[in-house]
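Letters A, B, ... are given to chains in the order of the sequence lines, protein chains preceding strands, and every chain is numbered from 1.
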2 protein chains.
Amino acid sequence: MVGIVWWSGHTVKRGRSAGPDPGDWSTLSDWNRSQTEHQGAHGRSGRAGGREGGLGTMARNALRRQPTLDEVAVRAGVSRSVASRALNNAPHVSPAKREAVERAVRQLGYVPNPTARALATRQTGAAALVVSGEDPSIFADPFFAQVIVGASAALEEADLHLMLCLAASDRGRKRVAELMRSKGADGVMLMALREDDPLARVAEEAEMPVVFGGRPVGPAPRWYVDVDNLGGAREATEHLVSRGRTRVATLCGRLDTGAGRARYRGYRDAMLAAGLDPLPPREGDFTEPSGAAAMAALLADHPEVDGVFAANDNMAAGALRALREAGRQVPADVAVVGFDDLAVAGITDPPLTTVHQPIAALGREMARMLVALVDGQDPTPLILPTRLVTRASA
Amino acid sequence: MVGIVWWSGHTVKRGRSAGPDPGDWSTLSDWNRSQTEHQGAHGRSGRAGGREGGLGTMARNALRRQPTLDEVAVRAGVSRSVASRALNNAPHVSPAKREAVERAVRQLGYVPNPTARALATRQTGAAALVVSGEDPSIFADPFFAQVIVGASAALEEADLHLMLCLAASDRGRKRVAELMRSKGADGVMLMALREDDPLARVAEEAEMPVVFGGRPVGPAPRWYVDVDNLGGAREATEHLVSRGRTRVATLCGRLDTGAGRARYRGYRDAMLAAGLDPLPPREGDFTEPSGAAAMAALLADHPEVDGVFAANDNMAAGALRALREAGRQVPADVAVVGFDDLAVAGITDPPLTTVHQPIAALGREMARMLVALVDGQDPTPLILPTRLVTRASA
DNA sequence: GATGATCTTGGGAGCGCTCCCACTGGAAGC
DNA sequence: GCTTCCAGTGGGAGCGCTCCCAAGATCATC
């Protein structure tokens, strides 16, 4: 059996049958104690700290520690270099040794330590998805869940892990900034950035691969994936017009977001193209209550309205509720079109005609673009198509 | 200016004003090239690979590489040890030197390298949230988004990052297993595990802190956070009974999940306690369509039903739709109660009476429990209370 | 003023991996 | 037969940090 230096000067016998050695235990215990005392800036103490007086659990954990590549190499009768090459199936390894390494890996149950690998390669093997916004609950929108599903699948293909950062609080934003500056991830996907979000600048300064999800307001970033908000909104409005609606209004989303603005522009363009007067936008914040409020206000000011394009399904659902409460029939009196085609759209009464956007694809393409970027390629921005889904509301 | 060894035997001059040095550039370029050739098992090539012919960008990136703790120490005129202690505000550092280190950190824009720290401390600074299940789209349920919001906030307090793992595909499950075995995270939160999910065993074998979200079917794990499904379901059923409903059925969720089973049991208990006959459960899978289908089937077999407890809001929404299609009035003919109190519950027509469960709190408490575990404490399982929210449907 | 006790300090080993490089021996080319 | 080449190999430095330890500085105590 090989002797492995555990800490400076102390030796732990290894091998499956090696019995516990009191001397080593006390060493470990000392080490753990000092770990605990030296608790770092982040306020957590050492991992293996003194639960239930310690010896039993701690010693067991410590002795059964992960095998290292060195041990695999020894067992396979090769050098660490060869073992490493075999593991990463790199060239310059004879079939025999490759086989020996594989066997040793299996016997020892070896799993490479990703942290060590990350330190050596300067790649963390993780990509971060940052969702920015004041209110953490905006994230509760099922929209993000779908983005995540898509991104997760694409990252899985590239064998990257997904770190999720909800940059709502100041503290959260600071952590994201630090993550980027410290290169704690190989790349970042940035979503829902407001105008002048400082995180955009931090990302740039950190010179780290960044893909934007949704073109932010302002100058276009170099890499982004977006949905054809303009075209979708135009199509929605055209649909209302084609149904003979002439007094069509829009309940727009926050105009300091790219999507909110583009969807409003699409509405406006379509109205003008049809020779109709666009009504001034009613601004909401993409939530159901804001849609209901905007709709109520709209009805008060413009009772003659006969068609409504809402910036998303949540707001459309709110509009439907406000219309119901005002005694208007949908679509007979007022036709309503939403945007997103989330699950809600099928559940509302009446079911919502809405602009379908490929949300999971958005996530997937963001992730793929990021992977390409991390790989050193230079992908081009991408706009994903939308399509109108006709249901009962318009 | 200090000379820093870049790779073996080559030296790069450092400092803000150090001009580019052709010799070093070619070195870097060689290094990058070999990085690209040696692409590893994971199929991605070296990070800084040859985009746009290389020299410009690559050299700039490479030269402006992150300052290290050593450089901070040199600049502050102290040893690396002192710098490290100052940084982690550990004791045994004189105020003067502490100040000097802080200044150097500011001047250099130093950010500690989390990977190196992780390697040295054997703590990754990340916790994983694993969502298990065949279908990745189950994750699209807004439920998870809220769990994430809660967990994220709690992890933020402990300065841990959140890794999100959707263990849907075989590949995904394998990656999660490897993540656990390689200790790629300090702890894991496991959600939506089916009966006999192999990930549970892997987690145990990896001897890594694990908190279950929702008590899985089978023997209770040592650490879990759950919602009072039993009590909530009982309360929902009692509510229906108290409204004079006697032929009350349940549309239950998957009975191989802890929540599905507990909610069914709660219904059953309440019925028996009220001296009523529980109807055999109609099983769905927590989705809207499955709720509609189950409701339709129920109506076919038991047209006399006058009350329905659905295992969650999605299924309740489906039931509402099926009832509407069957021409039944809610709540006049059939009263409906859901479970979850998600956003849908307020949007359905009529709005849903439902059992509110503190989902964000579930995520938060899972994360807190995990942090405690990582800290070496031994927290006790937690059951969070539910409460009935009465709206129009029952 | 000598003897500890405590606080500060820097050196150095270690975390577990990757990758450069120098070296070997056999196949190919002349 | 001799170079030339290259697949195969192992040694060793390096990634950037933490933490042990021994030694020096400072202070209190008798």
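OP1 or OP2 of C:dG16 has not a single side-chain nitrogen or oxygen of A:Thr68 nearer than 4.0 Å. At the phosphate of C:dT18, OP1 or OP2 sits under 4.0 Å from a side-chain N or O atom of A:Ser84. Between B:Thr121 and D:dC17, a side-chain N or O to OP1/OP2 separation shorter than 4.0 Å is absent. A close approach under 4.0 Å does not occur between any side-chain nitrogen or oxygen of A:Lys97 and OP1 or OP2 of D:dG8. The side chain of B:Asn113 places no N or O atom within less than 4.0 Å of a non-bridging phosphate oxygen (OP1 or OP2) of D:dC15.
Remark: the B:Arg85 side chain and the C:dT8 base include no donor-acceptor N/O pair separated by less than 3.5 Å. Side-chain to base pairing of B:Arg122 with C:dG14: no donor and acceptor N or O lie closer than 3.5 Å to each other. The base of C:dG11 is paired with the side chain of B:Ser81 by a donor and an acceptor separated by under 3.5 Å.
Using a 4.0 Å heavy-atom distance criterion, A:Pro114 is classed as making no nucleic acid contact.
One finds a salt bridge joining A:Glu99 and A:Arg103 here, because a Lys/Arg side-chain nitrogen approaches an Asp/Glu carboxylate oxygen to under 4.0 Å.
Atom CZ of B:Arg201 has 12 or fewer neighbouring heavy atoms from other residues, nucleotides or ligands inside a 6.0 Å radius.
End-to-end axis angle for the helix from C:dG1-D:dC30 to C:dC30-D:dG1, using five pairs per end and rounding to 10°, comes out at 40°.
For the atom pair B:Lys183 NZ and A:Gln66 CD, the distance stands at 5.0 Å (nearest 0.5 Å).
Between B:Leu69 and B:Ser84 there is a side-chain heavy-atom pair separated by less than 4.5 Å.
The CG-P distance, from B:Asp70 to D:dG14, rounds to 12 Å in whole Å.
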